[in-house]
2 protein chains.
Amino acid sequence: MHDEPPTTGARRARIADVARAAGVSATTVSHALSNSGRVSEQTRERILRAAEDLGYRPSPRATALRSGRSRTIAVASSMSAAVAGGAARQGFYLEVAAAAAERAFDYGYALVLVPPIPDELIETLGHLSVDGLLVVEPAQDDPIVRLARRDGVPFVSIGSFPGATDAEEQIDLQSDTAAELVIDHLVRAGVRRPALIVGDRPRTSYAAIEHAYRRAADDHGWPPVVERIFEADGEDGGRQAATRLLTADPQTDAIIAWVDAFAVGAVQAATALGRTPPAVRIVTRFDGPRARASEPAVTAVRLHLPEAATAGVDELLRLLGATTQPRAPIPRPELVFRASSPDHQQQA
Amino acid sequence: MHDEPPTTGARRARIADVARAAGVSATTVSHALSNSGRVSEQTRERILRAAEDLGYRPSPRATALRSGRSRTIAVASSMSAAVAGGAARQGFYLEVAAAAAERAFDYGYALVLVPPIPDELIETLGHLSVDGLLVVEPAQDDPIVRLARRDGVPFVSIGSFPGATDAEEQIDLQSDTAAELVIDHLVRAGVRRPALIVGDRPRTSYAAIEHAYRRAADDHGWPPVVERIFEADGEDGGRQAATRLLTADPQTDAIIAWVDAFAVGAVQAATALGRTPPAVRIVTRFDGPRARASEPAVTAVRLHLPEAATAGVDELLRLLGATTQPRAPIPRPELVFRASSPDHQQQA
DNA sequence: CTGAAAGCGCTTACAG
DNA sequence: CTGAAAGCGCTTACAG
């Protein structure tokens with residue numbers, strides 16, 4: 001757990017101490033402990049006993065320097081601007097981080113949490129000493145991805161992203177399916193004037209919903225209305241956009257707000273205009289704490305982020321040669337109906 | 001960001017490369033870069049330019065080994081058993097982690113997220129190479145605290161804990177105040193048979209609420225009813241305990257469930273028994289995602305965890321000699337009224 | 001099966 | 001002001 005200078009009494013045991021206690025060389029201790037199988041069983045046991053007695057644990061710092069591996073990975077969100085707008089999508093990021101930390105730990109890897117940081121500070125990530133990187137839903141030309149590419153740090157994205165090369169591993173969050181689920185739901189519910197709010201950066205998930213939306217608009221004769229707002233504006237942005245939409249066209253009967261923070265703002269806007277959802281239906285993508293805690297709560301898509309994060313760690317550790325285990329599977333996204341847009345069945 | 005073997009083309013620059021390019025020794029480069037002030041301004045500039053040109057960033061691994069500091073801290077929750085019970089209190093832990101990661105980053109420190117792990121695995125934390133530790137609400141004799149003490153790893157607890165020594169730094173979450181806020185609220189609301197559910201481990205927060213509860217019971221002639229359940233049982237445990245309480249004494253008119261997961265379970269139990277809150281008032285301590293997303297939502301205490309986490313990082317980095325900045329202040333806890341137990345004012 | 005030696009990339013007395 | 005040398009604690013060819 002540490003490599004402090006000996007503050008509290010007993011100095012931490014080093015490999016040399018174990019060697020001395022066992023009457024062998026440090027080399028042999030290293031071999032014995034790494035299970036390379038080149039040490040006689042008898043010697044090995046003596047060494048293990050000595051190590052145990054001394055409470056020896058190899059210095060992770062020395063191991064890292066020598067081996068070039070730190071057994072540490074990091075998870076970073078590309079939604080760096082989010083910090084300005086009040087932790088937009090934080091639930092998303094933390095849900096991934098928590099599951100990833102658990103899986104990483106199972107493999108004996110530590111997980112570093114990189115806070116959302118402004119693009120200018122991305123460079124300072126050079127301080128990190130990690131073997132690999134998990135990037136949460138990068139945008140096209142995402143600065144974090146650029147840095148990882150430049151430094152040759154293996155990375156895996158949670159969610160696919162525009163501009164990924166064939167060699168880059170992505171955990172598919174099935175954005176197309178999520179988009180279709182939501183659009184189908186609205187179609188079946190019989191809406192006639194749904195509008196769409198997405199963020200302003202090029203992300204796969206936005207492209208997916210916009211595509212599905214425009215196609216449905218074509219099919220059903222909806223006038224297509226797409227608002228693109230700053231991600232960093234979060235709830236405020238969603239509130240303002242929804243207010244604009246509902247004022248510009250009072251016939252608007254649904255808002256697809258594709259970021260949970262936008263949706264929460266949209267619910268507030270609709271309510272303030274006397275059109276409390278589901279009077280205007282509001283739906284979003286990520287079924288996280290925000291969607292659940294909104295009042296009324298927001299219909300959303302269960303993306304199975306923990307499973308995706310787990311698969312991301314599996315994949316990353318495979319890249320690092322730390323496992324040969326195949327990716328854990330990720331279930332298909334599912335719609336979670338809430339008061340902001342109940343299932344049409346139930347109200348029929 | 002990395003120290004990979006040169007997978008992708010250009011090898012990463014080392015200090016020797018900078019020295020060569022600037023026509024000086026590695027020693028001088030080190031001095032120039034660490035701003036020790038023993039290098040002539042002219043030489044310094046030449047070195048900085050060379051470093052810049054080569055994209056040089058010191059290897060964190062080498063720096064860590066040599067200096068004995070990794071510029072990394074970890075945050076761990078003592079609620080290790082929680083994992084079994086479905087991530088009880090996860091919201092609490094992650095809220096601390098997110099804020100701590102941000103503050104740590106400001107200081108140039110990375111934050112490692114230690115997932116909730118069973119006590120038997122605590123030993124494996126020896127793999128971590130961290131300079132210090134943040135422990136979230138440890139219990140008495142908490143294994144994580146024991147490990148930190150044994151290894152001499154500086155640590156700070158978020159929330160005070162029983163058995164802390166005078167020398168150990170704790171960030172006070174003002175458990176007494178939180179307890180009093182809740183008890184006062186129930187007293188003013190006129191409840192006559194409130195019951196208390198706490199976890200089975202010795203924690204400051206449980207002691208605080210039990211103390212306040214018993215005193216109020218004395219003062220107001222409530223029959224004191226305290227259920228102690230396994231923390232790891234989470235929502236289930238809360239549901240079962242609340243069911244027992246409400247069945248044993250149908251006059252029970254309030255349940256103080258001091259872990260958010262317990263409270264969510266209690267709400268479900270009360271609802272299932274046809275006594276949907278606030279018919280039975282239900283209140284909890286931590287105002288997190290669980291309390292907010294419950295249906296009805298649960299009255300809770302805003303503990304200002306992000307501020308506490310920030311202060312914890314400040315304090316820890318002070319212990320590590322990395323800052324002299326005083327702790328950030330933490331606001332007083334406040335009650336957040338929700339449907340499970342509205343303010344008595346509003347219903348009077 | 002076992003060990004001496006080199007080296008991972010820095011920093012830090014120490015000497016000049 | 002600048003540099004040669006030692007050393008942080010390991011692992012890994014290599015030799016025996």
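To find a chain, count down the sequence lines: A is the first, B the second, and so on, and within it residues start at 1. What you are looking at is a predicted structure, and each value in this text was computed from that prediction instead of being measured.
Put simply, A:Ser25 has no side-chain N or O that comes within less than 4.0 Å of OP1 or OP2 on C:dA4. Put simply, A:Arg14 has a side-chain N or O that comes within less than 4.0 Å of OP1 or OP2 on D:dG9. Phosphate proximity of D:dT2 to B:Thr43: present, with a side-chain N or O under 4.0 Å from OP1 or OP2.
Straight-line distance from the CZ atom of A:Arg61 to the C1' atom of C:dC10: 14 Å, rounded to whole Å. As rounded to whole Å, 14 Å separates atom P of C:dC1 from atom CD of A:Glu45. Distance A:Arg46 CZ to C:dC1 C1': 12 Å, rounded to the nearest Å. As rounded to whole Å, 14 Å separates atom P of D:dC10 from atom CD1 of A:Ile47. Per the geometry, CD belonging to A:Gln42 stands 13 Å off C1' belonging to C:dT2, to the nearest Å. In this structure, B:Leu65 places its CG atom 9 Å from C1' of C:dC8, rounding to the nearest Å. The distance from atom CG of A:Leu54 to atom P of D:dC10 is 12 Å, rounded to the nearest whole Å. Following rounding to the nearest Å, A:Arg12 (CZ) and D:dC10 (C1') show an atom-to-atom distance of 12 Å.
Applying the side chain to side chain donor-acceptor pair (under 3.5 Å) test to B:Arg318 and every residue at least two apart in sequence or in another chain returns B:Glu315. Every residue was checked against the salt bridge (charged side-chain N to carboxylate O under 4.0 Å, His left out) condition with B:Arg46, not counting sequence neighbours, and none meets it. Scanning for side-chain contact (heavy atoms from CB on, under 4.5 Å) contacts around B:Arg44 gives B:Ala32, B:Asn35, B:Val39, B:Glu41, B:Leu48, with sequence neighbours left out. Shown here are the salt bridge (charged side-chain N to carboxylate O under 4.0 Å, His left out) partners of A:Glu45, two or more places apart in sequence or in another chain: there are none.
Of the possible donor and acceptor atoms, none in the side chain of A:Asp131 sits under 3.5 Å from a partner among the backbone N and O of A:Ile73.
With no hydrogens or angles considered, no side-chain donor-acceptor pair links A:Ser30 and A:Thr27 at under 3.5 Å. Checking B:Arg61 against A:Ser129 by side-chain atom types alone, a donor-acceptor pair falls below 3.5 Å.
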Worked verdict on A:Thr204 versus A:Gln170 for side chain to side chain contact (heavy atoms under 4.5 Å, CB included): CA-CA 12 Å; A:Thr204 297; A:Gln170 311 174 57; 5.7 Å; no
Under 4.0 Å protein heavy-atom contact, by nucleotide of nucleotides 11-16 of chain C - B base, S sugar-phosphate only: BBB---
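Using a 4.0 Å cut-off between a side-chain N of Lys or Arg and a carboxylate O of Asp or Glu, B:Arg20 and B:Asp53 do not qualify as a salt bridge.
For DNA chain C, each stem of at least three Watson-Crick or G-U pairs (distances under 3.5 Å) is given as range with range: C:1-3 with D:14-16, C:5-12 with D:5-12, C:14-16 with D:1-3.
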